[in-house]
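The first residue in the sequence is number 1, and the count goes up from there. Note that ligands are numbered from 1 as they come in the structure, with each ligand's atoms numbered from 1 the same way. This one's a predicted model, so the numbers in the text were calculated from it and none came from an experiment.
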Amino acid sequence: MNLQTRIQQHFAASIATKQKTLDLLQEPILQAARLVFDAIRQDGKILSCGNGGSAGDAQHFSSEMLNRFERERRGLPAIALTTDTSTLTSIANDYHYERVFARQIEALGHPGDVLLAISTSGASANVNRAIETAHAKGMRVVALSGKSGGAMKDLLQAGDVELRVPADSTARIQETHLLLIHCICDLVDQLLLADTP
Ligand SMILES: O=C(CO)[C@@H](O)[C@H](O)[C@H](O)[C@H](O)COP(=O)(O)O
Ligand SMILES: [Zn+2]
């Protein structure tokens, strides 16, 4: 096995996935950023969730909102629902793992807030329950997914934005999700700058 060839294949596949995603999703990426920006401008907040690598992405996003992305600005309201192990373990223990995000949204979500729901397969039940609960709370959803879109794609409603990466490899989808998140952060900063008197 030539390990150097494998490295080259990983890079080539990642670059190709990102190019395909750009070709397919430029307009929905802009819509997602506008949804996030509009929520913030109207004093809403962004809740984010996902499992495994996508939990890391949910936290990556919220930290860039709460602290900052690339330019100096005020901190923006965002909460990753993946970080409080006391809350996560008690909900999973007392109810079901499916409810770990949904129950937090029941408590924290308000109309006008946005849920950033991240799943490479669109099949994670706890993320999909979170989407249903967000809708019940009057929130809109930005869904980062991949593969076939899974059950997640059928839960989305008018006013939500689906960013489905056209790939089947979990790793390639995750790499592209991070790029999408950075695009959204940058566009939100640009929109905020343009909105500042
Ligand atoms: O990071 C990886 C694989 O690259 C894993 O931790 C992965 O995120 C986990 O298997 C997740 O449970 C997958 O969930 P999902 O993306 O299908 O919703
Ligand atoms: Zn991973």
Could you check whether any side-chain N or O of [X] sits under 3.5 Å from a backbone N or O of [Y], counting only pairs where one atom can act as donor and the other as acceptor?
| X | Y | value |
| --- | --- | --- |
| K45 | L108 | yes |
| S14 | H10 | no |
| S54 | D57 | no |
| K20 | T17 | no |

H135 and D160: side-chain contact (heavy atoms from CB on, under 4.5 Å), yes or no, with the steps?
CA-CA 10 Å; H135 287 148; D160 295 339; 2.6 Å; yes

Please state which protein non-hydrogen atom is closest to atom 4 (O) of ligand 1 and give its distance, to 0.1 Å?
Q174 OE1, 2.8 Å

Considering only the protein, which heavy-atom contact is closest to atom 12 (O) of ligand 1, and what is its distance?
N51 CB, 3.7 Å

Under 4.0 Å from a heavy atom of T120: which atoms of ligand 1 are those, numbered in the order shown and with their elements?
15 (P), 16 (O), 17 (O), 18 (O)

Is the distance from the Zn ion (ligand 2) to the nearest N/O/S atom of T170 under 2.8 Å?
no

Return yes if a side-chain donor-acceptor contact under 3.5 Å exists between Q19 and D23, otherwise no.
yes

Of the listed options ([options]), which comes nearest to [atom] when hydrogens are ignored and any heavy atom counts?
| atom | options | result |
| --- | --- | --- |
| atom 5 (C) of ligand 1 | A125, G122, G53 | G53 |
| atom 18 (O) of ligand 1 | A55, S124, G56 | S124 |
| atom 9 (C) of ligand 1 | S121, G52, A117, C49 | G52 |

Any protein heavy-atom neighbour for atom 14 (O) of ligand 1 (distance below 4.0 angstrom)?
yes

